[in-house]
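Below is one structure; the comments refer to it alone.
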Amino acid sequence: MLDFLAQTLAGKVPTQTAGKNTHLRWQWWDEGIWALTPHQSVEKTLVLSAGIHGNETAPVEILAQLVDSLLAGELALQWRLLVVLGNPEALRSNQRYQHSDMNRMFGGGWQQFPESIETQRACRLEHALDLFLAQSEETICWHLDMHTAIRSSYHPRFGVLPSRTTPYDEAFLSWLGCAGLQALVFHQSPGGTFTHFSSEHFNALSCTLELGKAQPFGENDLSQFEQTKQALQALLSGETPPAAEGEPLRYKVAQQITRLSDDFVLHMSAKTQNFTAFPKDTLLAEDGDTRYVVKEDIEYVLFPNPHVAVGLRAGLMLREL
Ligand SMILES: [Zn+2]
């Protein structure tokens, strides 16, 4: 029996690198990269990824269960599908990353970082998407990149969507609600994330899904993610997803807090949750002469992290739409 996760964590080339069952053909492309193609012709392409950060294991377990069902022929497939475990080396050591944060490197950004496992892997993943998506004649292309957040959150499950020049398809946004997301955050400027890369280069409808809080393998309460898993299962096999509990709240990025130097101070406690509200004029962070202050009536913080490398994002401030 094929085991996608164990195979990837073993770090060896599988003895069998291609095969088929009643629904699909599959091919192992590289460590943690598998292409699955249904026998019937389809008009949709999907990239499903997890483990870009190696300590974010719940979505890796969900993805592994889905892929194992597909490989075992238990689940029908209505998309051309590329599945990706982002950073196998970091997954093995249960670290967010080995050297540098890979989800800041996409879109060629890896060329600006010192060479490491992550720069090599980001380049490899870009190439895999190039191969898989450039040849696609399908009209619909989605990319769902699954993560968990470092902090607790007022919305335990939420999506972060890259900026794009054309509006998002409402059917895509409504599926995200059916997948259990309680909030959607719209970026207003480009970034180095995997989803920004797929959106910009292949016009994919892309979303970074943040599904709860990071825990080690085996310690995840997967029942929290049941709705997301069911929605993915329905998506793959072309069925109607479970009903959304409510419309996800929508936010847009109002400003970014960037760590500019070693003098950077973030005026938030280590326990500040994602989506905590701050009133107008609150001093959020200082860095030498630079002061980050709330400009709107209320702004909500996302991903506050004072421990990032100089030049990187130490937090985002959001405005509700
Ligand atoms: Zn992550």
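Just so you know, these numbers use all the heavy atoms, side chains as well, and skip hydrogens, waters and symmetry mates. Residue numbers start at 1 and run along the sequence shown. One-based numbering, in listed order, for ligands and for the atoms of each.
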Note to self: If the threshold is 4.0 Å, N to carboxylate O, is there a salt bridge linking Glu115 and Arg121?
What the structure shows: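 Between Arg121 and Glu115 there is no salt bridge, as every charged N stays at least 4.0 Å from the carboxylate O atoms.
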Check: Is any side-chain N of the basic residue among Arg92 and Glu31 closer than 4.0 Å to the acidic one's carboxylate O?
Finding: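 Between Glu31 and Arg92 there is a salt bridge, with a charged N closer than 4.0 Å to a carboxylate O.
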Identify every side-chain donor-acceptor pair in residues 277-287 under 3.5 Å, counting partners at least two apart or on other chains, and give the distances.
residue	atom	partner	partner atom	Å
Thr282	OG1	Pro279	O	2.5
Glu286	OE1	His267	NE2	2.8
Asp287	OD1	Ser261	OG	2.5
Asp287	OD2	Leu260	N	2.6
Asp287	OD2	Ser261	N	3.1

Notebook entry, point to check: Within the side chain of Asp30, is there an N or O that forms a donor-acceptor pair under 3.5 Å with the backbone of Ile33?
Noted result: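 No.
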Margin query: So, at under 2.8 Å, which protein N, O or S atoms would a careful student list around the Zn ion (ligand 1)?
Written below: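 Near the Zn ion (ligand 1), below 2.8 Å, one finds His53 ND1, Glu56 OE1, Glu56 OE2, His147 ND1.
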Margin query: Would you say NE2 of His127 has more than 12 non-hydrogen atoms from neighbouring residues, nucleotides or ligands within 6.0 angstrom?
Written below: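 No, not enclosed.
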Note to self: Please identify which of these residues, Phe202, Phe106, Trp110, meets the ring pair (Phe, Tyr, Trp, His ring centres under 6.0 Å) condition with Phe194.
What the structure shows: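 It is Phe106; the other options fail the test.
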